[in-house]
Trainee: 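Just dropping this structure here.
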Amino acid sequence: MTEFKVPLIDLKERYQEEKDELLSCVERVLESGNLVLTPELADFEERVAQYTKSKHCIGLNSGTDALMMGLHAMGIGKGDEVITSPISFIATTAAIAHVGATPVYVDVGKDQNIDPLKINEKITSRTKAIMPVHWTGRISDMHEINKIAKQNNLMVIEDSCQCMGAYYYGQHAGTFGKVGTFSGHPLKAMNAVGDAGFLITDDKEIADKVRVYRNHGLIDRDTCVEYGVNSRLDVLHAAVLLYRMEKLCGVIDKRRNNVNLYRELIQAKEVFIPTCKPHEQNAFVMFIIQAKRRDKLKEFLDGRGIQTLVYYAKALHLQPAAKQYNYKRGDFPVAEKQADEVLALPHHQYLTNDQIKFVSESINEFYQL
């Protein structure tokens with residue numbers, strides 16, 4: 001495995017910093033002798049609800065399951081349409097498809113989030129919900145999206161999987177619609193030690209449905225009221241997430257400072273960095289630039305020991321799995337152009353200012369060649 005001078009991911013450094021506390025979490029959970037649906041999970045759910053100012057939180061196996069179960073609990077199913085963004089991880093579209101509904105894409109703006117001005121033209125009699133994706137940890141324009149949803153009697157479910165700790169006009173991500181979904185995947189700012197996720201809602205009926213569905217449809221040990229799934233958040237993950245939740249603000253603040261330093265140092269006009277508006281507090285799960293000659297730049301940076309990654313090289317409507325929806329290249333030109341230019345730079349909390357300076361100077365130099 002290549003050792004980069006400037007690594008994209010912080011997991012090794014994070015483990016060294018938190019080793020004693022993480023091993024204590026493991027020991028405490030294993031010593032309890034009970035590993036499924038224990039008080040650690042309930043404590044984590046209660047803490048998330050308090051933090052986000054939501055009434056209910058349900059711990060689940062992944063952010064993908066949170067999306068899928070949120071849609072299911074909202075009554076979205078076969079024949080329904082859900083408006084969403086073509087810029088996301090494949091799980092966003094997959095969750096819609098798994099409940100039998102049809103994803104209807106809307107192009108994005110410069111910040112890679114869904115463009116509210118283009119939503120109305122995609123609403124039909126079959127549209128039941130809007131699923132904005134808060135990409136890179138930046139919350140979509142939820143005031144405008146909620147206005148459109150209210151005018152058209154639509155539900156909103158937020159793919160806020162990258163947005164724990166993000167705010168929009170002082171309100172936490174995931175609290176603008178009926179359901180907010182989150183991921184605790186290892187690459188998130190608040191991460192577990194494997195796949196993990198959770199869902200928040202103020203709707204008790206939705207919360208009750210998800211709690212039953214995540215546990216095989218059981219309301220007690222001997223009574224199954226529906227055929228559900230096994231998507232209980234592992235207790236060990238819950239304990240780690242609860243510990244790391246107390247560090248989340250510090251992690252985001254350091255990442256935000258790193259991004260601000262990049263903004264000062266990257267001078268190349270061929271690089272576009274979306275601005276942060278005054279009402280946005282972004283979680284910065286990823287720091288993605290949009291760069292001309294992206295692939296050549298990536299190769300150049302790799303040669304200097306700077307690790308980068310493309311998130312993602314293909315918009316969702318052009319994936320082979322999406323052929324059934326009859327989209328084609330040119331349908332969403334902004335998203336397609338961004339897919340050709342996006343590049344994630346290292347920005348994690350363990351970077352030094354000298355490393356950020358080295359990355360920035362390398363980018364500037366590439367465009368001067």
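Throughout, residue positions are numbered sequentially from 1 according to the sequence presented.
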Trainee: Examine the side chains of D302 and Q307 and answer whether a donor and an acceptor come within less than 3.5 Å of each other.
Mentor: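 Not at all, the side chains of D302 and Q307 share no donor-acceptor pair under 3.5 Å.
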Trainee: Are K292 and E341 within salt-bridge range, i.e. N to O under 4.0 Å?
Mentor: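 Yes.
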Trainee: Counting distance only, does the side-chain N/O of D331 pair as donor-acceptor with the main-chain N or O of K328 below 3.5 Å?
Mentor: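 At least one qualifying donor-acceptor pair exists.
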Trainee: Please give me the minimum heavy-atom distance between C163 and R138, naming the atom from each residue.
Mentor: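 It is SG-N, 4.0 Å.
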Trainee: Would you say that I83 contacts I119 through its side chain, given a criterion of any heavy-atom pair below 4.5 Å between the two side chains?
Mentor: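 The answer is yes, as the side chains (C-beta and beyond) meet within the 4.5 Å cut-off.
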Trainee: With a 4.0 Å cut-off on N to O distance, would you call D208 and R211 a salt bridge?
Mentor: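 Looking at R211 together with D208, the answer is yes, because their closest N to O distance falls below 4.0 Å.
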Trainee: Kindly say whether A49 contributes a backbone atom to a donor-acceptor pair with the side chain of K55 at under 3.5 angstrom?
Mentor: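 The answer is no, because no donor-acceptor pair under 3.5 Å joins these two groups.
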Trainee: Is there a ring pair (Phe, Tyr, Trp, His ring centres under 6.0 Å) between Y213 and H72 once you walk through the steps?
Mentor: CA-CA 9 Å; Y213 196 72; H72 171 76; 4.4 Å; yes
Trainee: Closest heavy-atom contact between D80 and G75?
Mentor: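 For D80 and G75, the tightest heavy-atom pair comes out as OD2-O, 3.8 Å.
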Trainee: Apply side-chain contact (heavy atoms from CB on, under 4.5 Å) to residues L71 and I157 and explain how you reach the verdict.
Mentor: CA-CA 8 Å; L71 289 166; I157 173 172; 3.9 Å; yes
Trainee: So, K150 versus N146: side-chain donor-acceptor pair below 3.5 Å or not?
Mentor: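 No, no side-chain donor-acceptor pair sits under 3.5 Å.
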Trainee: Side-chain heavy atoms under 4.5 angstrom apart, residues restricted to Ile, Leu, Val, Met, Phe, Trp, Tyr: same cluster for I145 and I148?
Mentor: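 Yes, I145 connects to I148 through the hydrophobic network.
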Trainee: Can you tell whether the side chains of E45 and R214 come within less than 4.0 Å, N to carboxylate O?
Mentor: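 Salt bridge: yes.
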Trainee: Under 30°, 30 to 60°, or over 60°: which ring-plane class applies to H348 and Y350, parallel, tilted or perpendicular?
Mentor: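 Taking Y350 first and then H348, their aromatic rings sit tilted (interplane angle of 30° to 60°).
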Trainee: Quick check: does any side chain N or O of R256 sit under 3.5 Å from a backbone N or O of A283, one acting as donor and the other as acceptor?
Mentor: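 Checking the backbone N and O of A283 against the side chain of R256, no donor-acceptor pair under 3.5 Å is found.
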Trainee: Give a yes or no answer on whether the side chain of Q171 reaches the backbone of T175 with a donor-acceptor pair at less than 3.5 Å.
Mentor: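 Yes, because the side chain of Q171 sits within donor-acceptor range (under 3.5 Å) of the backbone of T175.
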Trainee: Hey, mind stepping through I90 and Y312 against side-chain contact (heavy atoms from CB on, under 4.5 Å) and telling me if it holds?
Mentor: CA-CA 10 Å; I90 193 65; Y312 287 101; over 6 Å; no
Trainee: Is it the case that the side chains of H134 and S160 hold a donor-acceptor pair, with the cut-off being a distance below 3.5 Å and no angle test?
Mentor: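 No, no side-chain donor-acceptor pair sits under 3.5 Å.
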Trainee: For the CG atom of L242 and the SG atom of C25, what is their distance to the nearest 0.5 Å?
Mentor: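 Here the interatomic distance stands at 8.0 Å.
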Trainee: Classify the side-chain pair D159/T92 by whether it contains a donor and acceptor separated by less than 3.5 Å.
Mentor: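 Yes, because at least one side-chain N or O of D159 sits under 3.5 Å from a partner of the opposite role on T92.
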Trainee: Give a yes or no on whether Q50 atom CD has more than 12 heavy-atom contacts from other residues, nucleotides or ligands under 6.0 Å away.
Mentor: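 Atom CD in Q50 is crowded, with more than 12 foreign heavy atoms closer than 6.0 Å.
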Trainee: Would you check if the side chain of Y311 reaches a backbone N or O of F89 as a donor-acceptor pair within less than 3.5 Å?
Mentor: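 Judged by distance alone, no pair lies under 3.5 Å.
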Trainee: Ring-plane angle category for F198 and F44, please: parallel below 30°, perpendicular beyond 60°, tilted otherwise.
Mentor: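 Perpendicular, since the angle between the ring planes exceeds 60°.
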Trainee: Is the closest side-chain heavy-atom distance between V285 and L187 below 4.5 Å?
Mentor: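 With C-beta onward as the side chain, the pair stays apart.
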Trainee: Using side-chain contact (heavy atoms from CB on, under 4.5 Å), reason through L241 and M190 one step at a time and then give a plain yes or no.
Mentor: CA-CA 7 Å; L241 286 167; M190 190 183 86; 4.1 Å; yes
Trainee: Does one side chain, of R14 or N191, offer a donor that lies under 3.5 Å from an acceptor on the other?
Mentor: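 A donor-acceptor contact under 3.5 Å links the two side chains.
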Trainee: Is C161 close to W135 at the side-chain level, that is, under 4.5 Å between some pair of heavy atoms?
Mentor: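 W135 vs C161: side chains apart.
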Trainee: Are L41 and V210 connected in a single hydrophobic cluster, I mean Ile/Leu/Val/Met/Phe/Trp/Tyr linked by side-chain heavy atoms less than 4.5 Å apart?
Mentor: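 No, it is not one cluster - the side chains of V210 and L41 are not joined through contacts under 4.5 Å.
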Trainee: Using distance alone, with no hydrogens and no angle criterion, decide if E158 and T181 have a side-chain donor and acceptor under 3.5 Å apart.
Mentor: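 No, no side-chain donor-acceptor pair sits under 3.5 Å.
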Trainee: Taking D234 for its side chain and V36 for its backbone only, find out whether a donor-acceptor pair lies under 3.5 Å.
Mentor: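 It does not hold such a pair.
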Trainee: Check the orientation of Y327 and H317. Use parallel for under 30°, tilted for 30 to 60°, and perpendicular for over 60°.
Mentor: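 Correct class here is perpendicular.
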Trainee: Is the number of heavy atoms from other residues, nucleotides or ligands within 6.0 Å of CG (N153) greater than 12?
Mentor: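 Not more than 12 within 6.0 Å, no.
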Trainee: Can you tell me if S54 uses its side chain to pair, donor with acceptor, with the backbone of D202 under 3.5 Å?
Mentor: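 Checking the backbone N and O of D202 against the side chain of S54, no donor-acceptor pair under 3.5 Å is found.
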Trainee: Just verifying a value: how many Å separate L309 CG and L8 CG, rounded to the nearest 0.5 Å?
Mentor: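 So the CG of L309 and the CG of L8 are separated by 6.0 Å.
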Trainee: Tell me, with the steps shown, if K357 and N353 meet side chain to side chain donor-acceptor pair (under 3.5 Å).
Mentor: CA-CA 6 Å; K357 184 177 180 181; N353 287 353; over 6 Å; no
Trainee: Below 4.5 Å, heavy atoms only, C-beta onward: do L23 and Y15 meet side chain to side chain?
Mentor: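 Yes, side chains in contact.
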Trainee: Does the side-chain contact (heavy atoms from CB on, under 4.5 Å) test come out yes or no for Q349 and D253, once each step is laid out?
Mentor: CA-CA 9 Å; Q349 61 271 26; D253 285 346; over 6 Å; no
Trainee: I'd like to know if K5 and D354 make a salt bridge, using a cut-off of under 4.0 Å between side-chain N and carboxylate O.
Mentor: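 So K5 does not pair with D354 through a salt bridge.
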Trainee: Is there a donor-acceptor contact under 3.5 Å from the side chain of D203 to the main chain of I206?
Mentor: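 At least one qualifying donor-acceptor pair exists.
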Trainee: With a 6.0 Å cut-off on the ring centroids, do Y51 and H172 count as close?
Mentor: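 For Y51 and H172, the ring centres are under 6.0 Å apart.
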Trainee: Is the shortest distance from a Lys or Arg side-chain nitrogen in K247 or E18 to a carboxylate oxygen in the other one below 4.0 Å?
Mentor: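 Yes, charged N to carboxylate O under 4.0 Å.
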Trainee: Hey, does K128 have a side-chain heavy atom less than 4.5 Å from the side chain of L154?
Mentor: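 L154 does not reach K128 side chain to side chain.
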Trainee: So which atom in S88 and which in V133 form the shortest heavy-atom distance, rounded to 0.1 Å?
Mentor: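 The pair with the smallest heavy-atom distance is OG-CG1, 3.5 Å.
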Trainee: Tell me if a side-chain donor or acceptor on D220 pairs with a main-chain N or O of T223 at a distance below 3.5 Å.
Mentor: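 Here the side-chain-to-backbone pair exists.
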Trainee: Supply the atom-to-atom distance T102 OG1 to I76 CD1, rounded to the nearest 0.5 angstrom.
Mentor: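 If I round to the nearest 0.5 Å, the distance is 11.5 Å.
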Trainee: How far apart are the closest heavy atoms of Q162 and K188, and which atoms are they?
Mentor: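 Nearest heavy atoms, Q162 then K188: CG-CE, 3.8 Å.
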Trainee: Looking only at heavy atoms, what is the nearest atom pair of A149 and V156, with distance?
Mentor: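 The answer is CB-CG2, 3.6 Å.
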Trainee: Measure from the side-chain N and O atoms of Q324 to the backbone N and O of A321, and report whether any donor-acceptor pair falls under 3.5 Å.
Mentor: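 Yes; at least one donor-acceptor contact below 3.5 Å.
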Trainee: Using salt bridge (Lys or Arg N to Asp or Glu O under 4.0 Å), reason through R304 and E365 one step at a time and then give a plain yes or no.
Mentor: CA-CA 12 Å; R304 292 202 164 184; E365 183 180 335; 2.7 Å; yes
Trainee: Once rounded to the nearest 0.5 Å, what's the spacing between atom CG of L343 and atom CG of L297?
Mentor: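 Between atom CG of L343 and atom CG of L297 there are 6.0 Å.
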Trainee: OH/Y169 to NZ/K277 distance, rounded to the nearest 0.5 angstrom?
Mentor: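 These two atoms lie 8.5 Å from each other.
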Trainee: So, D141 and Y168: side-chain donor and acceptor under 3.5 Å apart, yes or no?
Mentor: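 Looking only at side-chain atoms, Y168 and D141 do form a donor-acceptor pair, the distance falling under 3.5 Å.
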Trainee: Return yes when atom CD of E121 has more than 12 non-hydrogen atoms of other residues, nucleotides or ligands closer than 6.0 Å, and no otherwise.
Mentor: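 Enclosed.
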Trainee: Indicate whether the side chain of Y325 and that of T93 have a donor and an acceptor atom separated by less than 3.5 Å.
Mentor: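 No, no side-chain donor-acceptor contact under 3.5 Å.
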Trainee: Let me confirm one number: the CD-CG distance from E336 to D107, rounded to the nearest 0.5 Å.
Mentor: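 Result: 7.5 Å between the selected atoms.
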Trainee: Can you see which heavy atom on D65 is nearest to which on N61, and at what distance?
Mentor: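 Scanning both residues, the minimum pair turns out to be OD2-CB, 3.5 Å.
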Trainee: Which residue, H56, M74, M69, forms the side-chain contact (heavy atoms from CB on, under 4.5 Å) with V179?
Mentor: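 With V179 as partner, H56, M74, M69 yield a single side-chain contact (heavy atoms from CB on, under 4.5 Å), made by M74.
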Trainee: Using 4.0 Å as the upper bound for N to carboxylate O, is an ion pair formed by R47 and E246?
Mentor: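 Answer for the salt bridge query: yes.
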